[in-house]
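This report refers to the structure that appears directly beneath it.
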Amino acid sequence: MEHIVKSLTAYPMQGQVAASSSALSGFGPSDINSLFDVEFVSGGVYRYYSVIQSIFNGLQGTSSQGGYFNVNIRDVYEYELIE
C-alpha cells in the first residue's frame, strides 16, 4: 500500500500557498508524499523531493521566504523542473 501512495503525485502542486516574496510566486507540499513544488515569479515550477513538513512550515512562516528558500531548500534537496 505504501508503494501505491508514494506513486500518487498531483501535477503540479504549485500555488497551494501564495508566496509573499519577490522571487517566489507560490509553493505547496503534497499531502500524500514528501514532494514540494515551488513556482517562481520569473517562471518555472520546480519539484523538490523528500522535503520534510517542518521545512514547508518554516517557509510559510518566515518573514523572508526568498532567503529561507535559498538557505533551506535550494541546493539542499534533489529537484527537477516540471513546468
Side-chain angles (χ1 to χ4, degrees):
M1 184 62 128
E2 183 177 334
H3 171 71
I4 293 170
V5 169
K6 287 185 177 185
S7 69
L8 298 174
T9 304
Y11 183 85
M13 295 177 293
Q14 88 281 359
Q16 291 182 355
V17 175
S20 59
S21 168
S22 60
L24 308 179
S25 176
F27 54 89
S30 167
D31 290 335
I32 58 173
N33 50 34
S34 298
L35 300 176
F36 185 75
D37 287 356
V38 177
E39 182 176 13
F40 291 89
V41 171
S42 61
V45 178
Y46 289 80
R47 175 158 293 156
Y48 292 82
Y49 296 92
S50 302
V51 178
I52 58 176
Q53 183 68 35
S54 63
I55 295 295
F56 168 74
N57 294 342
L59 181 61
Q60 192 172 16
T62 187
S63 61
S64 175
Q65 291 177 332
Y68 185 93
F69 173 83
N70 286 333
V71 170
N72 296 286
I73 300 171
R74 182 184 304 259
D75 299 329
V76 174
Y77 293 95
E78 186 178 332
Y79 66 91
E80 70 174 312
L81 176 64
I82 62 169
E83 190 174 283

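If you read the sequence from its start, that first residue is 1, and numbering goes on from there.
A donor-acceptor contact closer than 3.5 angstrom links the side chains of Asn33 and Ser30.
Residues that satisfy the side chain to side chain donor-acceptor pair (under 3.5 Å) test with Glu78, not counting sequence neighbours, are absent from this structure. The ring-ring contact (aromatic ring centres under 6.0 Å, His included) search around Tyr48 returns Phe69, Tyr79, not counting sequence neighbours.
With values rounded to the nearest 0.5 angstrom, Thr62 atom OG1 is found 12.0 Å from Asn57 atom CG. In this structure, CD1 in Ile73 is found 6.5 Å from CD1 in Ile55, a value given to the nearest 0.5 Å. One distance of note links OH of Tyr49 with OG of Ser34; it measures 12.0 Å at 0.5 Å rounding. With rounding to the nearest 0.5 Å, the separation of CZ in Phe27 from OG in Ser21 is 9.0 Å.
When all heavy atoms are compared, the tightest approach of Phe56 to Pro29 is CE1-CD, 3.4 Å. The nearest pair of heavy atoms linking Phe36 to Leu59 is CZ-CD2, 3.6 Å. Of all heavy-atom pairs spanning Leu24 and Ala19, the tightest one is O-CB, 3.1 Å. Taking both residues in full, the closest heavy atoms of Gln60 and Gln65 are given as O-NE2, 4.0 Å, listed atom of the first, atom of the second, then distance.
Hydrophobic clustering (ILVMFWY, side-chain heavy atoms < 4.5 Å, transitive): Tyr68 and Val76 are in one cluster.
Checking each of Leu81, Ile82, Val38 against Arg47 for a side-chain contact (heavy atoms from CB on, under 4.5 Å) leaves exactly one that passes, namely Ile82.
Heavy atoms from other residues, nucleotides or ligands lying under 6.0 Å from OH of Tyr46 number 12 at most.
Side chains of Val51 and Leu35 form no contact here, defined as non-hydrogen atoms less than 4.5 Å apart.
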